[in-house]
2 protein chains.
Amino acid sequence: MKKPTIKDVAKLAGVSFKTVSRVVNQEPNVSEAVKEKVLESIKQLNYQPNHTARVMRKAPFSLAFVYDNPNSHYVIEMQNGIISECRKKGFELVIHPTDSRSDEVGNELASMIGSNQIGGIILTPPLSENKELVTFLLSKDAKVVRILSGEQPPDSLAPVLHVDDVDAGFKMTQYLLELGHRDIAFLGFHASHESSLGRVKGFKNAHEARNVPFDKNLIIDGEFTFESGMDMAKQVLSMPKRPTAIFACNDEIAAGAVFCARLNDITVPEELSVVGFENSPFAMQTWPHLTTIDQPNFDIAATAAAMVIEMMKSNDIYTVDSRGFSLDVVVRDSACKPLLKSAI
Amino acid sequence: MKKPTIKDVAKLAGVSFKTVSRVVNQEPNVSEAVKEKVLESIKQLNYQPNHTARVMRKAPFSLAFVYDNPNSHYVIEMQNGIISECRKKGFELVIHPTDSRSDEVGNELASMIGSNQIGGIILTPPLSENKELVTFLLSKDAKVVRILSGEQPPDSLAPVLHVDDVDAGFKMTQYLLELGHRDIAFLGFHASHESSLGRVKGFKNAHEARNVPFDKNLIIDGEFTFESGMDMAKQVLSMPKRPTAIFACNDEIAAGAVFCARLNDITVPEELSVVGFENSPFAMQTWPHLTTIDQPNFDIAATAAAMVIEMMKSNDIYTVDSRGFSLDVVVRDSACKPLLKSAI
DNA sequence: TTTTTTATTGACAACGTTGACATTGGTTGA
DNA sequence: TCAACCAATGTCAACGTTGTCAATAAAAAA
């Protein structure tokens with residue numbers, strides 16, 4: 001009981017296999033009668049076009065999602081967004097986690113492209129920041145879409161889905177300033193991490209917009225992890241003039257900061273407001289629930305997938321436009337008005 | 001500048017394209033001199049075998065990872081394990097999240113198999129518990145490997161990677177009993193959830209093995225979520241005879257329970273020990289860090305992938321053996337000896 | 001009616017690879 | 001010396017599609 005081919009269908013329907021192909025591909029110029037007969041035979045034999053043969057004659061129907069990110073929540077949300085779009089369009093997704101520091105990324109991807117498996121690629125930070133990589137992939141005839149944080153990149157190599165970190169950092173800082181905080185620490189600055197650069201920039205901008213001076217010493221370097229969050233909070237909380245609020249560069253750092261505050265008998269939010277960034281599950285599993293920034297990862301990813309697919313389908317120079325996404329503050333319970341100084 | 005084919009290489013090396021094919025596939029009976037010449041040409045042209053054409057002539061080189069699981073950490077660990085194995089063997093992974101309650105799963109997968117994209121399938125709970133589905137997939141000539149929790153299934157349809165929940169539940173309960181707890185609540189029983197059945201069974205067995213009676217009312221039904229964990233803990237903590245320990249069916253429930261205890265001014269672990277299951281990131285981001293059960297997801301997944309690949313390669317009836325994985329208690333800070341009753 | 005156009009269908013090659021089999025030339029064993 | 005063998009290489013069909021172009025029949029225009 002072998003898999004039926006297009007020829008089996010043709011034989012059963014009493015037409016040439018080319019006609020069947022036409023019906024399957026919904027090409028014009030097939031008479032209603034024949035079309036019906038063919039469809040009937042297809043159903044009867046439970047025929048399914050051989051995807052592989054089809055790819056060989058036409059173009060790849062797969063795209064790759066490339067990431068180097070320890071944050072499983074982020075990855076899954078992105079992945080799900082991409083998959084949902086792929087399903088709709090009949091494309092397949094290949095997952096490609098990688099180490100952005102290794103030189104192999106390019107070669108690995110090139111080999112997938114070269115072997116005709118992959119037609120399009122979705123790049124997330126920090127890989128999407130690597131222009132050399134993008135140029136290289138472009139030279140291999142792949143369609144590339146980048147998801148980028150931080151500031152809008154100046155180049156137009158490939159479409160960008162831009163997550164406006166500067167604006168989000170601004171909004172969040174503004175929120176804290178409006179609550180009355182004047183000494184806000186920023187945890188998780190990372191010079192090589194584009195999105196942290198953007199968030200810091202928004203942080204600074206918000207201060208300037210309100211004419212609130214900010215202390216550079218309150219911008220702390222660190223990783224995007226819980227442990228690092230603890231360390232940084234420790235640094236900040238032992239300062240002579242202890243800040244009244246912490247702007248953590250992501251929720252894990254925030255969770256670490258809350259944890260550290262608790263270890264030092266500092267109550268959150270009464271004595272210390274802590275806000276996060278990302279709206280990951282951690283935000284809801286810390287006490288108090290974290291006020292944070294929500295990032296519509298699913299939608300971003302789905303849009304990215306739609307773009308790549310569009311680019312793969314219309315193979316001409318026609319370029320899809322870049323898009324920006326703005327993020328919003330999700331108010332929960334980890335930030336409130338600061339206590340009066342005298343009360344501390 | 002088109003992609004070079006095997007014929008281009010052949011022309012350059014001055015041999016027939018079949019010989020090139022032999023070199024590429026490392027077949028025997030090629031003289032050293034010729035082999036060297038061909039390899040040289042391959043390098044020079046940067047030739048890459050066309051994966052698609054290869055699949056068409058031989059068998060699929062892709063396998064699918066099918067899951068229906070809201071837990072991103074679990075999914076990513078599994079996924080990474082599978083991918084790492086796929087990389088080694090030159091296989092490609094297709095991710096297939098799905099809704100286990102829908103009837104479409106079978107059809108979706110059948111369509112991937114039928115179209116020659118997928119040769120093997122890795123099924124996780126609860127899909128792996130669905131014998132009908134497994135039988136159906138088997139009938140479509142797919143290689144299937146199941147990852148199952150709970151008790152060893154009696155059938156031998158397809159190889160199983162069995163996670164020994166009963167044993168793990170036993171170990172954890174034993175740990176609590178040894179600490180001196182006698183009133184232990186079990187949060188997160190779910191009749192349709194195989195692994196919860198296994199964990200409860202281990203829970204009961206441990207009590208019986210030590211001749212400790214247990215109260216059936218302390219086994220609470222609920223979902224595997226933070227919110228549900230809070231609800232269940234609330235139920236249990238308001239009982240007249242409040243338990244001294246909580247065995248949560250996963251870390252999220254445990255985190256919810258800890259949270260709930262805190263809301264009720266019950267200190268963990270002094271007044272209430274709470275243990276989790278899974279060793280997810282949440283376990284380290286709750287205060288105190290959760291004592292929990294570690295599940296080697298990466299290894300399990302990698303083994304599963306190795307099995308499917310083995311089955312795909314050796315296409316005969318030769319069956320890969322099922323395997324069991326035992327889990328261990330990770331002792332952290334959320335459980336300790338119970339206070340004397342008089343002290344409560 | 002005859003010619004031209006158009007819609008429908010089919011024959012055949014091509015995609016890039018591997019499998020089955022044929023050919024060549026050299027080595028072995030009687 | 002010659003048959004038998006074997007290693008090395010080549011020829012050609014096949015995999016299941018789609019693209020190109022030709023052939024037919026029907027409809028429209030002359």
Side-chain angles (χ1 to χ4, degrees), chain A residues 2-39 41-42 45-62 90 111-117 119 141 313 315, chain B residues 2-39 41-42 45-61 90 111-119 141 313 315:
Chain A
K2 260 182 42 189
K3 285 173 194 164
T5 77
I6 206 171
K7 292 188 183 171
D8 300 318
V9 177
K11 202 172 292 174
L12 182 63
V15 296
S16 82
F17 64 92
K18 176 69 220 193
T19 303
V20 177
S21 170
R22 274 192 262 262
V23 173
V24 170
N25 292 357
Q26 309 197 36
E27 287 174 27
N29 300 335
V30 181
S31 71
E32 275 308 315
V34 172
K35 185 185 281 184
E36 209 168 301
K37 208 165 45 177
V38 170
L39 287 174
S41 307
I42 287 178
L45 292 177
N46 193 22
Y47 163 75
Q48 290 206 318
N50 183 320
H51 187 259
T52 313
R54 192 175 237 176
V55 169
M56 196 170 75
R57 283 301 276 152
K58 308 185 90 166
F61 280 90
S62 295
S111 115
M112 297 174 86
I113 301 163
S115 66
N116 229 38
Q117 293 176 84
D141 281 332
K313 278 186 171 171
N315 197 26
Chain B
K2 261 181 39 188
K3 286 172 192 163
T5 77
I6 205 170
K7 293 188 182 172
D8 299 319
V9 177
K11 201 173 291 174
L12 182 63
V15 295
S16 84
F17 64 92
K18 177 68 219 193
T19 302
V20 177
S21 169
R22 274 193 261 262
V23 172
V24 170
N25 293 346
Q26 310 196 34
E27 286 174 27
N29 299 337
V30 181
S31 71
E32 274 309 315
V34 172
K35 185 185 281 185
E36 209 167 301
K37 206 165 48 178
V38 170
L39 286 174
S41 306
I42 286 178
L45 292 178
N46 193 21
Y47 162 75
Q48 289 206 319
N50 182 318
H51 187 260
T52 313
R54 193 175 237 176
V55 169
M56 197 169 74
R57 283 300 280 154
K58 307 186 90 167
F61 279 90
S111 114
M112 296 174 87
I113 301 163
S115 65
N116 229 39
Q117 291 175 85
I118 296 295
D141 281 331
K313 279 186 172 172
N315 198 27

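Residue numbering restarts at 1 for every chain, and letters A, B, ... go by the order of the sequence lines.
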Is there a donor N/O on one and an acceptor N/O on the other, under 3.5 Å, for the side chain of Arg54(A) and the base of dT17(D)?
no
Minimum-distance nucleotide to Ala53(A) side chain [options: dT17(D), dT17(C), dG19(D)]
dT17(D)
From Val34(B), Val23(B), Val24(B), Val9(B), residue fulfilling side chain to side chain contact (heavy atoms under 4.5 Å, CB included) relative to Leu39(B)
Val23(B)
Heavy-atom donor-acceptor pair, Lys18(A) side-chain to dG19(D) base, under 3.5 Å:
yes
Base, sugar-phosphate, or nothing: which does Glu32(B) touch, judged by heavy atoms less than 4.0 Å apart?
nothing
Is any N or O donor-acceptor pair between the side chain of Arg22(A) and the base of dG10(C) shorter than 3.5 Å?
yes
Considering every strand and a 4.0 Å limit on heavy-atom distances, what is the contact class for Asn29(B): base, sugar-phosphate, or nothing?
base
d(CD, Glu36(B); C1', dA8(D)) in whole Å
17 Å
Can you tell me if Asn116(A) and Arg54(B) form a side-chain donor-acceptor pair at under 3.5 Å?
no
Base, sugar-phosphate or nothing for Pro28(A)? Non-hydrogen atoms, less than 4.0 Å.
nothing
5' priority, DNA chain C, between Val34(A) and Phe17(A) [closest heavy atom]
Val34(A)
Quick one: label Val24(A) by what it contacts on the DNA or RNA (base, sugar-phosphate, nothing), any heavy atom closer than 4.0 Å.
nothing
Under 4.0 angstrom, heavy atoms only, what part of the nucleic acid is Asn25(A) near: base, sugar-phosphate, or nothing?
sugar-phosphate
For a quick check of understanding: with a heavy-atom distance under 4.0 Å over all strands, which category does Val55(A) fall into, base, sugar-phosphate or nothing?
nothing
Rounded to whole angstroms, how far apart are NE2 on His51(B) and C1' on dT18(C)?
14 Å
